[in-house]
Trainee: 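The structure follows.
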Amino acid sequence: QVQLVESGGGSVQAGGSLRLSCAASGHTISSYNMAWFRQAPGKERESVARIAWSGGSPYYVDSVKGRFTISRDSAKNMVYLQMNSLKPEDTAVYYCAAGSRWSSAFGYWGQGTQVTVSS
């Protein structure tokens, strides 16, 4: 089992940058698929970025390609989401999620961190 805690959210002007951090405990993230999701008011939750436990090419939703980067630091048991060139439409609560490498589901979630981008 793994517990996740996000940090790094806040308010930023359009065009600015933020780095979200996800601290994992209880189990090494090297055994889990990791992802970032977001949910804006009135909208469905969407998968923003994910990276498999085995590495390889990360997945990004089209709207953030070229602007967001997901990464992991296994030594620190941390996952990051670097967000550049932020747009007002990026405003949402961002969640870190983990899923067993044996499953397609993400069954472990952080509490979420608010990202607000003003124009």
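Excluded from the calculations below are hydrogen atoms, water molecules and symmetry mates; all remaining heavy atoms, backbone and side chain alike, are included.
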Trainee: To the nearest 0.5 Å, tell me how far Trp36 CH2 sits from Cys96 SG.
Mentor: 5.0 Å
Trainee: Are Trp109 and Phe37 close enough that their ring centres sit under 6.0 Å apart?
Mentor: yes
Trainee: For the residue pair Ile51 and Pro58, what are the closest heavy atoms and their distance?
Mentor: CD1-CG, 4.2 Å
Trainee: Does any part of the side chain of Val117, heavy atoms only, come nearer than 4.5 Å to the side chain of Gln13, both counted from C-beta?
Mentor: no
Trainee: Rounded to the nearest 0.5 Å, what separation is found between the OH atom of Tyr60 and the CG atom of Leu81?
Mentor: 7.5 Å
Trainee: According to a hydrophobic-cluster definition based on side-chain heavy atoms being under 4.5 Å apart (Ile, Leu, Val, Met, Phe, Trp, Tyr only), do Phe106 and Val79 belong together?
Mentor: no
Trainee: Donor-acceptor pair, Arg38 side chain versus Arg45 backbone, under 3.5 Å?
Mentor: no
Trainee: Same cluster or not: are Tyr80 and Val93 linked, directly or through other Ile, Leu, Val, Met, Phe, Trp or Tyr residues, by side-chain heavy atoms under 4.5 angstrom apart?
Mentor: no
Trainee: Treating Arg50 as the side-chain partner and Tyr59 as the backbone partner, does any N or O pair qualify as donor plus acceptor under 3.5 Å?
Mentor: no
Trainee: Counting distance only, does the side-chain N/O of Thr91 pair as donor-acceptor with the main-chain N or O of Pro88 below 3.5 Å?
Mentor: yes
Trainee: Starting at CE of Met78, measure out to OG of Ser71 and round the result to the nearest 0.5 Å.
Mentor: 9.5 Å
Trainee: Checking Glu6 side chain against Gly112 main chain: does a donor-acceptor pair fall under 3.5 Å?
Mentor: yes
Trainee: With a 4.5 Å limit on heavy-atom distance, are the side chains of Met34 and Arg72 in contact?
Mentor: yes
Trainee: So does Gly99 get a backbone contact from the side chain of Trp102, meaning a donor-acceptor N/O pair under 3.5 Å?
Mentor: no
Trainee: For residues Val61 and Ser47, report the shortest heavy-atom separation together with the two atoms involved.
Mentor: CB-O, 3.5 Å
Trainee: Distance check, rounded to the nearest 0.5 Å: Ser11 atom OG versus Leu86 atom CG?
Mentor: 11.0 Å
Trainee: If you compare all heavy atoms of Ala24 against all heavy atoms of Val2, which two are closest, and at what distance to 0.1 Å?
Mentor: CB-CG2, 3.8 Å
Trainee: Within the structure provided, determine whether Gln82 and Ser17 are in side-chain contact (heavy-atom separation under 4.5 Å).
Mentor: yes
Trainee: Is the shortest heavy-atom distance from the side chain of Arg67 to the side chain of Asp90 under 4.5 Å?
Mentor: yes
Trainee: Could you please spell out the steps behind the side chain to side chain contact (heavy atoms under 4.5 Å, CB included) verdict for Thr116 and Val12?
Mentor: CA-CA 6 Å; Thr116 302; Val12 65; over 6 Å; no
Trainee: Output yes when a side-chain donor or acceptor of Asn77 lies under 3.5 Å from a complementary backbone atom of Ile29, and no otherwise.
Mentor: yes
Trainee: Ignoring hydrogens and angles, tell me if any N or O in the side chain of Gln39 forms a donor-acceptor pair with the backbone of Ala92 under 3.5 Å.
Mentor: no
Trainee: Say you draw a straight line from NE2 of His27 to OG of Ser30; how long is it, rounded to the nearest 0.5 Å?
Mentor: 7.0 Å
Trainee: Hey, is the main chain of Trp53 close enough, under 3.5 Å, to the side chain of Asn33 for a donor-acceptor pair?
Mentor: yes
Trainee: Does the side chain of Tyr95 come within less than 4.5 Å of Thr113's, by heavy atoms?
Mentor: no
Trainee: Could you verify whether a donor N or O on one side chain and an acceptor N or O on the other, from Gln1 and Tyr108, lie under 3.5 Å apart?
Mentor: yes
Trainee: Could you give the distance from OG (Ser25) to CD (Gln3), rounded to the nearest 0.5 Å?
Mentor: 4.5 Å
Trainee: Name the orientation class of the two ring planes belonging to Phe68 and Tyr94 (parallel below 30°, tilted from 30 to 60°, perpendicular beyond 60°).
Mentor: tilted
